[in-house]
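Just so it is clear: chains get the letters A, B, ... in the order the sequence lines come, proteins before strands, and each one is counted from 1.
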2 protein chains.
Amino acid sequence: MSAGLDIARIAGLVGEPARAEILLALMAGHALTATELAQTANITKQTASAHLSRMLKAELLRVESQGRHRYFRLAGKDIAQLLEHLLGVAERTRSPAIRIGPRDAGMRKARICYDHLAGDLGVLMFDGLIAQGLLRIRDEVVEVTRAGQHHFGERGLDIDAMQGQRRSVCRRCLDWSVRRHHLAGSLGAALLTEVLRSNWARHSRGSRLITFTIQGESLFRQRYRS
Amino acid sequence: MSAGLDIARIAGLVGEPARAEILLALMAGHALTATELAQTANITKQTASAHLSRMLKAELLRVESQGRHRYFRLAGKDIAQLLEHLLGVAERTRSPAIRIGPRDAGMRKARICYDHLAGDLGVLMFDGLIAQGLLRIRDEVVEVTRAGQHHFGERGLDIDAMQGQRRSVCRRCLDWSVRRHHLAGSLGAALLTEVLRSNWARHSRGSRLITFTIQGESLFRQRYRS
DNA sequence: GAAATGGTTCGGCTAGCATCGAACCATGAG
DNA sequence: CTCATGGTTCGATGCTAGCCGAACCATTTC
């Protein structure tokens, strides 16, 4: 089979407004039910069901049954990354007349990307962590330094435990709004959780927007200053 | 306008077998004419023309008129990168029964990605350049070190001249077959040209495959040894 | 000039697919 | 057991878009 068909198989699946909307909604990281997804995509649940089963079959999504509910999520981080990439290209090729409204400005500043922080503040955090010597890039791979291991431990984040899991601790993820990288992986997820826990920011369900409080943002910037 | 429509606009364009085939053909880096593209996609030239104009309008492609010919190429490196990404996901989600034939093995080893070298040997080269201290990664950006500047200069590659151009000298590009990065940017392109010039490898037009001679591969591995 | 070749435009055909209404299965609550 | 609710399956419908034949425009060649 030719590679063209392969790539068209995937892209064609994403290239349908309703399905794209569904995928985008799942980038918020929460697992959602079929009816919830139907609502956000403005279609009936039958239609949603059809779309969902197709995407399941193609392994773009994973599902988890709980009682009479079925919770859908993205199949993996590569899918989320792919969507970010598509957003990047879409952004670049969009007619300049329609450019960025106020809501997009917020998204540029801070949003959730699957399960970690993206946008300006996400990049700022990543840069800060490296500048502070807690992370290091070596041969394309992001590593936690010894200092970092110690530091995160004091903040209650057990790097060793994370390393036990199959999922990688640190990974980079390309940011469509800034064209730079931010931190993904289980550490990235943990750091976002920490931000939300300490009420520096809120994540309104159903949106990818992360809204920092004034004080929260100030503290955040201070902590991750380069 | 919602982001879902945006991303569907792009993905839908790529998600059509004929168009995907066209885009893939253009990843070989050569600019191709409409009829050539029609042939590789197995469609008539009228159909190809329609596809091409749509992709032009969406800024996925650029075109250059020369006499009665029109030469098409990808609009930018981000498009090539996106296609690589899609290949990656397609690869992962493909039914294991159909996995890799002998031709794909060659593609994994060495292929062209728009205008630079990808595949195992591409990654090897990148790693080697860093290990030898000619390149460095700093804050997500790949830089040429002073030693590198000197070294490449002796090989006839003028880094200063490259820096004059708008295009970035070094960039990383995610490799679908290996899930690591290889070198892109004008330096990446120049290094590939060097390989082809010195007859270490050949690039058969119309394919993305790069075939090294036995001797060429040996010399290549030696030069870029980590 | 005429002939040849690259490319586009137009019109009509067809297939595929997204969509919804309605019926149906499964789980949980009372 | 009965009812409510989440989810899927089926069938019918309508629209879109890919496709090609034919005609047409543009450029080069002889």
State plainly whether the residues [X] and [Y] are in salt-bridge range, i.e. N to O under 4.0 Å.
| X | Y | result |
| --- | --- | --- |
| A:Arg54 | A:Glu16 | no |
| A:Arg155 | A:Glu194 | yes |
| A:Arg111 | A:Glu84 | yes |
| A:Asp78 | B:Arg92 | yes |

Test your reading of the model: is there a side-chain donor-acceptor pair from A:Arg208 to the backbone of A:Ala28, 3.5 Å cut-off? no
[N], OP1 or OP2 - any side-chain N/O from [X] closer than 4.0 Å?
| X | N | answer |
| --- | --- | --- |
| A:Thr47 | C:dC20 | yes |
| B:His51 | D:dC19 | yes |
| A:Arg54 | C:dC17 | no |

Interatomic distance where [atom1] belongs to [X] and [atom2] belongs to [N] [whole Å]:
| X | N | atom1 | atom2 | result |
| --- | --- | --- | --- | --- |
| A:Leu56 | D:dT9 | CG | P | 11 Å |
| A:Leu5 | D:dG18 | CG | C1' | 15 Å |
| B:His69 | D:dT27 | NE2 | C1' | 9 Å |
| A:Ile43 | D:dG7 | CD1 | C1' | 14 Å |
| A:Glu36 | D:dG6 | CD | P | 10 Å |
| B:Glu16 | C:dG16 | CD | P | 13 Å |
| A:Lys57 | D:dT9 | NZ | P | 12 Å |
| A:Leu32 | D:dG6 | CG | P | 14 Å |

Q. Once the angle between the rings of B:His85 and A:His85 is folded into 0 to 90°, is it parallel (under 30°), tilted (30 to 60°) or perpendicular (over 60°)?
A. perpendicular
Sorted by chain and number, sequence neighbours left out, side chain to side chain contact (heavy atoms under 4.5 Å, CB included) with A:Thr211 holds for A:Arg202, A:Leu209
Which part of the nucleic acid does B:Thr35 contact within heavy-atom distance under 4.0 Å: base, sugar-phosphate only, or nothing?
-> sugar-phosphate
Closest to the side chain of B:Thr44, out of D:dC20, C:dA18, D:dC19, is D:dC20
Might you list the N or O atoms of the protein lying below 3.5 Å from N or O atoms in nucleotides 8-12 of chain C, with each pair's distance?
residue	atom	partner	partner atom	Å
C:dT8	OP1	B:Arg70	NH1	2.4
C:dT8	OP2	B:Ser49	OG	2.8
C:dT8	O5'	B:Ser49	OG	3.4

